[in-house]
Protein chains: 2
Amino acid sequence: MTLAKPAFPAPDHDHRRCTADALAHAEAVCEQRAQKFTPIRRQVLGALLSSHRPLGAYEVIDELAKSMARPAPITVYRALDFLMANGLVHRIESRNAYLACAAHDHDATSAVAFLICERCGLVGEISSASFAKDLNAAARSSGFAPKLSVVEITGVCAHCQKMS
Amino acid sequence: MTLAKPAFPAPDHDHRRCTADALAHAEAVCEQRAQKFTPIRRQVLGALLSSHRPLGAYEVIDELAKSMARPAPITVYRALDFLMANGLVHRIESRNAYLACAAHDHDATSAVAFLICERCGLVGEISSASFAKDLNAAARSSGFAPKLSVVEITGVCAHCQKMS
DNA sequence: AAATAATCATAAGCTTGCTTACTATATCTT
DNA sequence: AAGATATAGTAAGCAAGCTTATGATTATTT
């Protein structure tokens, strides 16, 4: 069992830096692929990066409205589509919400599992090659050819456990 | 790796019986818990059992409308809540849809993974103790206390693979 | 029989997620 | 400079998921 990262956003982490890193990473990815990291795209990613919580599309709109003219839904959806296509944003299916990708290293193909804290709402990513293998093996054993896996685990994060 | 069941609904399975079994099981569960298996609850479960596809709430309404006065959304939601609370129906988060539980044997706590065929739309359940263990272990290794896992795997079922 | 609790019906409405259609602007290519 | 392409803005709207509020029924308890 090999875990990629500490996974869950610690309450005392350097969020300033974490945001800056993510934006820098996004820039790098876009440049590398000759994709344009336009102002709205940057702003939408910025909105998502402002917390480690998944935001619904309308929450993103609200967030952006604080610093610019309220964007139309379509504008935000286009940006979200772009960011997802480039692996910079994940969609959390169980919430119909979007989350800035925190793991700047996982390849697009490997399965990612999300840890969603039901207390604070923060979400961590774990990308364990081992459970993905097991999962796919279990699926295949009944003749099923797996493509895309959604793994979302709700529970209580380490920090919130201490608080109780 | 121990699989509980063949998992995916075969195209030629005895659906008549499969429906009857599920209804009988629901009746038994409700009686055992002194819960009332009322007509609407039965009908909603029946609607879901009519296919092995997850149905949205409004699809359930449409289905029921065929054999009775069109029920209001609230009526269906109440029945769905009841059925889910008693483990007779699952919610497929990635589809905002509901599925009659096909595995009448898994305990409420054990993780269930859904196999969703993107061709025929049918959904199978696998309840593998082994991957659940791995999943939980991976989560716990970062101090996270997992409660509810959503595992939804999209792909192509054995039957649809043969058809291509 | 009366009171309590559970269930269901009726009616209305809100929110969110997402789309279609069209125009304008910027960027890149030739 | 002209045309093509990608991106974004404007305006409008739809559909689905779900809720609130209230009153009627039915069952259960006392």
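What you are looking at is a predicted structure, and each value in this text was computed from that prediction instead of being measured. Throughout, protein chains are lettered first and strands after them, A, B, ... in sequence-line order, and every chain is numbered starting at 1.
In terms of position along DNA chain D, the nucleotide closest to A:Ala79 lies nearer the 5' end than the nucleotide closest to the other residue of the pair A:Ala79 and B:Glu59.
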Review item, side-chain donor-acceptor pairs of residues 35-45 of chain A, under 3.5 Å, at least two apart:
| from | atom 1 | to | atom 2 | distance (Å) |
| --- | --- | --- | --- | --- |
| A:Arg41 | NH1 | A:Lys36 | O | 2.6 |
| A:Arg42 | NH1 | A:Glu27 | OE2 | 3.4 |
| A:Arg42 | NH2 | A:Glu27 | OE2 | 2.3 |

Show me the side-chain donor-acceptor pairs of residues 155-164 of chain B shorter than 3.5 Å, one per line, residues at least two apart or across chains.
| from | atom 1 | to | atom 2 | distance (Å) |
| --- | --- | --- | --- | --- |
| B:Gln161 | NE2 | A:Gly143 | O | 2.8 |
| B:Gln161 | NE2 | B:Val156 | O | 2.9 |
| B:Gln161 | NE2 | B:Cys157 | O | 3.4 |
| B:Ser164 | OG | B:Gln161 | O | 2.8 |

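Heavy-atom contacts from other residues, nucleotides or ligands closer than 6.0 Å to CZ of B:Arg70 number more than 12.
Residue A:Asp81 contributes atom CG, which lies 13 Å from atom C1' of D:dT7 at whole-angstrom precision. Here the P atom of nucleotide C:dC18 and the CZ atom of A:Arg95 are 16 Å apart, to the nearest Å. The separation between A:Ile61 atom CD1 and C:dT19 atom P is 13 Å, rounded to whole Å. B:Phe37 places its CZ atom 11 Å from the P atom of C:dC8, with the value rounded to the nearest Å. In this structure, B:Met84 atom CE and D:dG17 atom C1' are separated by 12 Å, rounded to whole Å. Nucleotide D:dA27 holds its C1' atom 12 Å from the CZ atom of B:Arg41, rounded to whole Å. When the P atom of D:dT7 is taken as reference, atom CG of A:Leu83 falls 12 Å away, rounded to whole Å. Straight-line distance from the CG atom of A:Asp62 to the P atom of C:dG17: 10 Å, rounded to whole Å.
In this view, A:His25 and A:Val29, A:Leu88, A:His104 satisfy the side chain to side chain contact (heavy atoms under 4.5 Å, CB included) rule, not counting sequence neighbours. Residues meeting the side-chain hydrogen bond (donor to acceptor under 3.5 Å, both in side chains) test with B:Arg33, sequence neighbours left out: B:Asn86.
Distance NZ/A:Lys66 to OG/A:Ser50: 7.0 Å, rounded to 0.5 Å. To the nearest 0.5 Å, atoms CD1 (A:Ile153) and CZ (B:Phe144) are separated by 7.0 Å.
Just one of B:Ile116, B:Val123, B:Leu55 meets the side chain to side chain contact (heavy atoms under 4.5 Å, CB included) condition when paired with B:Arg95; it is B:Ile116.
Note on the helix from C:dA1-D:dT30 to C:dT30-D:dA1: angle between the axes of the first and last five pairs equals 30°, rounded to 10 degrees.
Of all nucleotides listed (D:dT7, D:dC18, D:dT28), D:dC18 comes nearest to the side chain of B:Tyr98.
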Within the 4.0 Å limit for protein heavy atoms, which parts of nucleotides 9-16 of chain C are touched? Write it as a string from 5' to 3', B for base, S for sugar-phosphate only, - for none. BBB----S

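Residue A:Arg91 places none of its side-chain N or O atoms closer than 4.0 Å to OP1 or OP2 of C:dG17.
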Test side-chain contact (heavy atoms from CB on, under 4.5 Å) applied to B:Ser149 and B:Asn136, step by step: CA-CA 9 Å; B:Ser149 295; B:Asn136 285 344; 4.2 Å; yes

